[in-house]
Asks: 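Dropping a structure here in structure tokens format, bear with me for questions.
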Amino acid sequence: MNILETLQQRFATVLEDFTDNVGPFVEMIRPSQDAKFGDYQANCAMPLGKQNGTAPREVALKIVDKLNVADLCEPSEVAGPGFINLTLRTPWLEDLINRIAHDERLGVEAVAKPKTIVVDFSSPNVAKPMHVGHLRSTVIGDSLARVFRFAGHQVITDNHIGDWGTQFGMIIYGFKHFVELKAYEQDPVGELARLYRLVNQLCDYHDAKSKLPELKEQIERAETRLAEMDPDSPDKQQKKAYKKQSSEIAGLRAELKTLKAKIAAVDDDPELKELADKHPQIAVDSRKQTAKLHAGDQENVRLWDEFLPLCVEALQKIYDRLDIAFDHTLGESFYNDQLADVVKDLEKKGLAVESDGAKCVFLEGHAAPFIVQKADGAYTYATTDLATIKYRVEEFGADQMCYVVDARQSEHFSMLFKTARAWGYNDVELQHVQFGTVMGKDGRPYKTRSGDTVGLESLLDEAIAKASEIVAANDDAKKDADGNPRPELSPEYRAEIAEAVGLGGVKYADLMHNRESDYVFDYDKMLATTGNTATYLQYAHARIYGIFRKGNILPAKLRSEVPRIEIKDPTERALALRIARYSEFLSDVVADCRPNLLTQYLFDLSNDLTAFYAACHVLNAEDEQTKRSRLMLCDVCARVLSHGMSLLGIKAPQQM
RNA sequence: GCCUCGGUAGCUCAAUUGGAUAGAGCACUGGUCUUCGGAACCAGGGGUUAGGGGUUCGAAUCCCUUCCGGGGUACCA
């Protein structure tokens, strides 16, 4: 059961006497910020007092008078300007925790009205290896899907991979001109990745060369203008303009530097230079390969058919490591034959019009149009995304779609959703679940020292390698009663734990931050053995199993014996209450698509557990009944911990 | 230029969407314990929530304004 909801319902009937619109006031019943104000508090008396022209305290007293919560709360108190403080009766909480302890769903009821929710996440471009930029979408999307599903919704996960775009043209071009067949036979995906990087580099080279003169001129012009400005002008406007101009020049210079670096990288390498000279039109020609593929060119389609499964398989390897599965992998190519109809329909409905040769949807509030077909006839991802919405509504019966995608694409989604609604898809709830950038310690987007993006695979390897050292060091330090070294874990089990700790650390670090803000990627912090990390939760869980092992307790057997949990110590009460509030937090995660609420909950739960653990002996409890009560409390806590972690996609080992 | 998202403790981040004295972790200081698993626990210091103004019983949160930073901005996805 959801305690908060129960209280809100009780209030709702009372509040009807005070207002016609109880909704917003019921929302003002919430958990207390501070334990000294009780467990929950109602803040609705102040605004109601104002609305009705009565003193808030008086309103609060009247509400309390009519309120019927005597079964679950101590007598309510009115405090301050009119806060109503509610404290749960411990016997009532005790009954509740005992029910939860024997409930498979840990007291979490499934939603009354399940929706069909499509979660669109990860969505890498298959032509290039996954990198750190895909981490958040993948980890957050997976967790949300798990939470939605547990909440009782029908969830469809769909990996909308990029398998049809410009990048594939580049690979095909690369394959036709630069492939090393031996390498391709040995490691096809590695060779394709090399080809992609090579073609990309050569494209960048020519692009940089062509841009260079103009950029230099631009800088000169800007500098001339700057020289005419007065940095110490008394006029604020002019001073500001000067600053702006300087920063613009700094930006242009930085751009110049990267361009020069790209050019130098090729010029300094005779082999690359030769290739670059031989392929001056590589960018245009790569695009032509893409166009040929889309037009159904036999050779290119054959190559695509050959490459795609290899690429998808390589992706799958990473998903397997991450313990992530999709119900569907419907990439861009899947919608190819539906795109022409989408544009036709948009035109028919007067939404898409021609402009500069392209077919565009113009939307209020947006300067740039939503381009559904380019001047050269090719379709864009706007078109594909529209086709995807249509497909998901018609084939999946989707009530809701969550796009777990970088915040930088917010304008695209805003336009996409507006267009979709204008197109007639009004009933489906479309949601851009956006997130911030993964930054390096320098506060810039996370890159390797040489400036490349960090591959996801090597990132995971690194995390697990570091975790291995920590796990080994910890196990090696274990001692027996006489103080002699006595490691407990087999090499195999150590490896398993290192994997759980390493991957868990990476995922947890990502999930614990408010998804909308950028966060700094730092191995040392995410794998730290102290503080708010996955390891801390895992350790809390393992400690409970440590007690079970030491006491020869089998949790399943314990449960079947139905010992009653008795709440005596304040730490027991705090722990029980936290456990009982699991369902509240999950419904918040569902409502806001914010897994960090769950990580915070689990961290608090672990803290409550260790506090309880420090204050109350379990195996050495004062009597058998208390011991069994506490064991049972440990058991239900361990179940919530491991269940909550599973919703984050994190493993909870029983021993560490 | 326009649009958009940010600025919170030394550092990394929260803050239940307008609630009571802004909280955690790291780092720092001090303490606990016969280690049911010390990867622990308890306590303490540390804040003009970028600056200024406004709205109201009440503001980190809403409005205005200034400063600083990120991102986006017509045929890449």
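Protein chains get the first letters and strands the later ones, always in sequence-line order, with residue 1 at the start of each. Just so it is clear, the structure is predicted and the values come from calculations on it, not from any experiment.
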Asks: At 4.0 Å (heavy atoms only), tell me whether A542(A) reaches a base, stays on the sugar-phosphate, or touches nothing.
Replies: base
Asks: Taking only N and O in the side chain of Y536(A), is any of them less than 4.0 Å away from OP1 or OP2 of C41(B)?
Replies: yes
Asks: Does atom NZ (K478(A)) have a neighbourhood of more than 12 heavy atoms from anything else shown, all under 6.0 Å?
Replies: yes
Asks: Does T530(A) get its side chain close enough to the base of A40(B), under 3.5 Å, for a donor-acceptor pair?
Replies: no
Asks: Do the side chain of R57(A) and the main chain of G80(A) share a donor and acceptor less than 3.5 angstrom apart?
Replies: yes
Asks: Answer with base, sugar-phosphate or nothing: what part of the nucleic acid does K36(A) contact at a heavy-atom distance below 4.0 Å?
Replies: base
Asks: Report each atom pair, protein N/O against N/O of nucleotides 60-64 of chain B, whose distance is under 3.5 angstrom.
Replies:
none

Asks: Under the 3.5 angstrom rule, does the side chain of H131(A) hit a backbone N or O of G133(A) as a donor-acceptor pair?
Replies: yes
Asks: Check every strand shown and say whether M656(A) touches a base, only sugar-phosphate, or nothing at a heavy-atom separation below 4.0 Å.
Replies: base
Asks: Within the structure shown, what part of the strands sits under 4.0 Å from V618(A) by heavy-atom distance: base, sugar-phosphate, or nothing?
Replies: base
Asks: Counting C-beta onward and ignoring hydrogens, is there a side-chain heavy-atom pair between E347(A) and V343(A) closer than 4.5 Å?
Replies: yes
Asks: For atom P, what is the distance between G7(B) and U12(B), given to the nearest Å?
Replies: 13 Å
Asks: Does any N or O donor sit under 3.5 Å from an N or O acceptor when you compare the side chain of Y539(A) with the base of A39(B)?
Replies: no
Asks: How long is the line joining NE2 of H412(A) and P of C5(B), in whole Å?
Replies: 18 Å
Asks: Could you check how far CZ of F521(A) sits from P of U12(B), rounded to whole Å?
Replies: 16 Å
Asks: Between the base of A20(B) and the side chain of N85(A), is there a donor-acceptor distance below 3.5 Å?
Replies: yes
Asks: Hey, is Y613(A) stacking on C36(B)? Ring centres under 5.5 Å, planes under 30°.
Replies: yes
Asks: Provide the distance between the two C1' atoms, one in C62(B) and one in U17(B), to the nearest whole Å.
Replies: 11 Å
Asks: Can you see if the side chain of N514(A) gets near the phosphate of A15(B) - specifically, an N or O under 4.0 Å from OP1 or OP2?
Replies: yes
Asks: So, is N607(A) close to the C41(B) phosphate, meaning a side-chain N or O under 4.0 Å from OP1 or OP2?
Replies: yes
Asks: Under 4.0 Å: is that the gap between some side-chain N or O of N532(A) and OP1 or OP2 of U12(B)?
Replies: no
Asks: OP1 or OP2 of A14(B) versus the side-chain N and O atoms of S517(A): is any pair under 4.0 Å?
Replies: yes
Asks: Taking atom C1' of U16(B) as reference, at what distance in whole Å does atom CD of E584(A) sit?
Replies: 10 Å
Asks: For C57(B), does OP1 or OP2 lie under 4.0 Å from any side-chain N or O of K50(A)?
Replies: yes
Asks: Can you pull out every ring pair (Phe, Tyr, Trp, His ring centres under 6.0 Å) where at least one residue sits in residues 354-381 of chain A? Sequence neighbours excluded, please.
Replies: F370(A)-H412(A), Y381(A)-H412(A)
Asks: Just the rounded figure in Å: distance from P of C57(B) to CD of Q51(A).
Replies: 13 Å
Asks: Report the distance from atom CZ of R408(A) to atom P of G71(B), rounded to the nearest whole Å.
Replies: 8 Å
Asks: Please give the distance between the P atoms of G45(B) and A22(B) as a whole number of Å.
Replies: 13 Å
Asks: For the pair made of CD in E411(A) and P in U4(B), what is the distance, rounded to whole Å?
Replies: 10 Å
Asks: Reckon T166(A) has a side-chain N or O less than 4.0 Å from the OP1 or OP2 of C76(B)?
Replies: no
Asks: May I ask you to decide if P487(A)'s main-chain N or O and D475(A)'s side chain share a donor-acceptor pair within less than 3.5 Å?
Replies: no
Asks: Could you state the CD-P distance from Q33(A) to U16(B), rounded to the nearest angstrom?
Replies: 7 Å
Asks: Does P653(A) offer a backbone N or O that forms a donor-acceptor pair with the side chain of H541(A) under 3.5 Å?
Replies: yes
Asks: Quick check on U16(B): is either OP1 or OP2 less than 4.0 Å from any side-chain nitrogen or oxygen of R581(A)?
Replies: no
Asks: When you check the gap from the basic side-chain N to the acidic O, do R630(A) and E572(A) get nearer than 4.0 Å?
Replies: yes
Asks: Just call it for Y545(A): base, sugar-phosphate, or nothing, with non-hydrogen atoms closer than 4.0 Å on any strand.
Replies: nothing
Asks: Please confirm whether any donor atom in the side chain of R594(A) sits under 3.5 Å from an acceptor in the base of U17(B), or the reverse.
Replies: yes
Asks: With heavy-atom distances below 4.5 Å as the criterion, would you say the side chains of T571(A) and D608(A) are in contact?
Replies: no
Asks: Taking atom types as they are modelled, would you say the side chain of N474(A) forms a donor-acceptor pair with the base of A39(B) within the 3.5 Å cutoff?
Replies: yes
Asks: I need the OH-C1' distance between Y519(A) and U8(B), as an integer number of Å.
Replies: 21 Å
Asks: Is there a donor-acceptor pair under 3.5 Å between the side chain of H160(A) and the backbone N or O of L330(A)?
Replies: yes
Asks: May F83(A) be described as stacking on the base of G19(B), applying a 5.5 Å centroid limit and a 30° limit on plane angle?
Replies: no
Asks: Pick the C1' atom in G51(B) and in C57(B), then give their distance to the nearest Å.
Replies: 27 Å
Asks: Does OP1 or OP2 of G37(B) have a side-chain N or O of R549(A) closer than 4.0 Å?
Replies: no
Asks: Heavy atoms under 4.0 Å, any strand shown: does A367(A) hit a base, just sugar-phosphate, or nothing?
Replies: nothing
